[in-house]
A.B. asks: 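I am attaching a structure below and will ask some questions about it afterwards.
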There are 2 protein chains.
Amino acid sequence: METEARTMSVAGNSSPRDPDKIAEIFRAAARIFNTKGFHATSINEIADAVHLTKAGLYYYIQGKQDLLYRIMDYAMDALEGEVIQPAESIADPEERLRAIVAGHANLITQAGVHELTILVNELEGLSPEQRRQITERQAHYVDLVRETIDTLKARGRVHDVDSTVGAFGLLGMILWVPRWFDAKGRLSSQEVADQLTELALRGLLREPA
Amino acid sequence: METEARTMSVAGNSSPRDPDKIAEIFRAAARIFNTKGFHATSINEIADAVHLTKAGLYYYIQGKQDLLYRIMDYAMDALEGEVIQPAESIADPEERLRAIVAGHANLITQAGVHELTILVNELEGLSPEQRRQITERQAHYVDLVRETIDTLKARGRVHDVDSTVGAFGLLGMILWVPRWFDAKGRLSSQEVADQLTELALRGLLREPA
DNA sequence: AGGTACCTTCCTACCGGTCGGTAGGGTGGC
DNA sequence: GCCACCCTACCGACCGGTAGGAAGGTACCT
């Protein structure tokens with residue numbers, strides 16, 4: 001029934017909708033979802049933000065929940081492209097861990113990246129199947145961090161810490177940043193990213209001496 | 001207007017409502033708010049959880065938002081009583097910092113303490129005035145951590161890290177725990193609290209040698 | 001050039017349903 | 001008879017979503 005237009009697209013583009021407009025909607029929705037929360041945001045607010053009526057907005061989206069899912073999926077794409085894949089190509093585990101922390105911290109401190117925050121705060125707004133898909137992708141990321149720590153552990157390069165606690169401790173530091181960091185404040189995003197990287201790695205790694 | 005019943009209580013108890021029932025409502029509401037989010041939770045769900053109708057529930061509460069505020073206020077009381085005040089009575093800054101991290105991590109890994117999670121996740125559900133009051137109390141806590149780090153810094157006991165980044169990095173690790181920790185899982189809450197304490201303090205403090 | 005068929009885009013007007021909250025009354029114990 | 005407690009029944013507001021059509025562009029035909 002509803003699969004016809006979206007999954008088939010029979011030969012040729014099935015959806016001629018303006019990709020720029022869709023991107024604008026995504027950005028506006030991500031900003032408002034992140035500010036007020038998914039459930040507290042009405043479709044009308046998003047429509048207003050992109051200068052459309054609710055019905056006009058529905059020309060571009062399939063529903064409120066689907067909009068959320070697509071934003072989160074896009075955010076996972078960004079995280080994979082900017083952090084995960086670059087890190088996976090680094091063989092040395094210490095360098096790799098440093099690349100993950102620095103890369104993720106850099107990404108999350110940049111202005112306007114509301115998708116990454118939604119990615120961890122609005123999971124309960126998804127359907128069970130959608131949530132499963134997103135959390136599965138997130139789990140791969142956590143596994144990468146945990147395995148990197150385990151590799152370092154096997155080489156005696158880290159203190160005696162459970163790799164799960166280490167991975168989530170590290171991620172907690174980074175994912176908490178949007179709650180307090182102000183891009184217009186005293187510290188630059190680069191400074192925060194650098195300091196967090198040092199803080200996290202110093203907590204984990206042994207002194208090379 | 002609305003202050004009459006609450007702040008005056010004219011001579012004698014103004015509200016004869018059963019405190020046990022109110023506590024039961026608080027606990028149930030905190031659990032559901034924490035599971036589904038404040039806005040996604042209906043008053044009817046809370047009423048069902050305590051075996052009342054919606055109107056019956058309203059005999060005990062002043063409104064949905066007021067219920068949220070009281071839960072968060074109670075959570076701040078708990079945090080102050082269990083973590084902040086005990087820590088403030090410790091003169092040595094290193095001991096004090098350890099007491100904060102260990103105490104907070106211990107508190108947050110305990111089963112059923114949904115209020116502490118709500119405290120940081122549902123602030124946008126409050127009215128501006130209510131939010132101001134809660135965030136003011138939270139700011140005092142952050143100041144305590146920051147000042148403790150600054151004191152240690154003045155004594156050359158910490159690495160060169162901005163105390164704001166250090167404080168929020170540390171708090172991020174702790175406040176992230178409810179997102180991944182499973183009380184029925186492999187690790188005990190004590191183990192997690194201990195390991196996080198070591199992880200956080202090692203990232204901040206210099207080796208005593 | 002004018003007609004017309006079709007397309008994308010966006011609107012007004014409306015739907016059923018749920019929300020937070022309340023009016024007013026019943027009931028049982030003291 | 002009073003009061004604490006809890007109910008049924010209802011309210012207006014707002015929600016996500018849709019039906020159906022208007023506006024305006026374009027492309028092709030005569």
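Excluded from the calculations below are hydrogen atoms, water molecules and symmetry mates; all remaining heavy atoms, backbone and side chain alike, are included. Order of the sequence lines fixes the chain letters, A, B, ..., with proteins taken first and strands second; residue numbering starts at 1 for each chain.
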A.B. asks: Whole angstrom is fine here: how far is it from CD in Gln62(A) over to C1' in dG17(D)?
C.D. replies: 13 Å

A.B. asks: For Phe168(B) and Trp180(A), take the angle between the two ring planes, folded into 0 to 90°, and tell me which bin it lands in: parallel under 30, tilted 30 to 60, perpendicular over 60.
C.D. replies: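 Ring orientation, 0 to 90° scale: parallel.
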
A.B. asks: Which one, dC6(D), dC10(C), dG20(C), comes nearest to the side chain of Tyr60(B)?
C.D. replies: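 Of dC6(D), dC10(C), dG20(C), dC6(D) is nearest to the side chain of Tyr60(B).
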
A.B. asks: Ignoring the backbone of Lys21(A), work out which of dG20(C), dC10(C), dG16(D) is nearest its side chain.
C.D. replies: dC10(C)

A.B. asks: Do the side chain of Gln138(B) and the main chain of Leu119(B) share a donor and acceptor less than 3.5 angstrom apart?
C.D. replies: yes

A.B. asks: Among dC5(D), dG16(D), dG20(C), which is the nearest nucleotide to the side chain of Tyr58(A)?
C.D. replies: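 Looking only at heavy atoms from C-beta outward on Tyr58(A), the closest nucleotide is dG16(D).
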
A.B. asks: Return no unless some side-chain N or O of Thr53(A) is found under 4.0 Å from OP1 or OP2 of dC11(C).
C.D. replies: yes

A.B. asks: Expressed in angstrom and rounded to an integer, what is the separation of Lys64(B) atom NZ from dG20(C) atom P?
C.D. replies: 4 Å

A.B. asks: Could you tell me whether Arg131(B) and Glu124(B) have a side-chain N and a carboxylate O separated by less than 4.0 Å?
C.D. replies: no

A.B. asks: Can you tell me how far P of dC5(D) sits from CG of Leu52(B), to the nearest Å?
C.D. replies: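 Distance, rounded to whole Å: 11 Å.
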
A.B. asks: May I have the distance from Asn44(B) (atom CG) to dG17(C) (atom P), rounded to whole angstrom?
C.D. replies: 17 Å

A.B. asks: Quick one: which of dC11(C), dA4(D), dT8(C) gets closest to the side chain of Tyr59(B)?
C.D. replies: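 Taking heavy atoms from C-beta onward, the closest nucleotide is dA4(D).
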
A.B. asks: Please classify the nucleic acid contact of Ser42(B) as base, sugar-phosphate, or nothing, using heavy-atom distances under 4.0 Å.
C.D. replies: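 The residue Ser42(B) makes sugar-phosphate contact but no base contact.
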
A.B. asks: Using the side-chain heavy atoms of Ala55(A), tell me which of these nucleotides is nearest: dA13(C), dT8(C), dC7(D).
C.D. replies: dA13(C)

A.B. asks: Can you tell me the distance, in whole Å, between the CG atom of Asp66(B) and the P atom of dG20(C)?
C.D. replies: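 After rounding, the reported distance stands at 15 Å.
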
A.B. asks: Nearest-Å distance, CD1 (Ile46(B)) to P (dG20(C))?
C.D. replies: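 Distance check: Ile46(B) CD1 to dG20(C) P gives 8 Å.
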
A.B. asks: Once you measure the plane-to-plane angle for Phe38(A) and Phe33(A), does it fall in the parallel (<30°), tilted (30-60°) or perpendicular (>60°) bin?
C.D. replies: perpendicular

A.B. asks: Tell me: CG of Leu57(A) to C1' of dT8(C), nearest whole Å?
C.D. replies: 16 Å

A.B. asks: Choose from dG20(C), dC7(D), dT12(C) the nucleotide whose nearest atom is closest to any side-chain atom of Lys54(B).
C.D. replies: dG20(C)

A.B. asks: How long is the line joining CG of Asp48(A) and P of dC10(C), in whole Å?
C.D. replies: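 Rounding to the nearest Å, CG of Asp48(A) and P of dC10(C) are 15 Å apart.
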
A.B. asks: Does a donor on one side chain sit under 3.5 Å from an acceptor on the other, for Ser163(B) and Arg146(B)?
C.D. replies: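 Absent: no donor and acceptor within the cut-off.
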
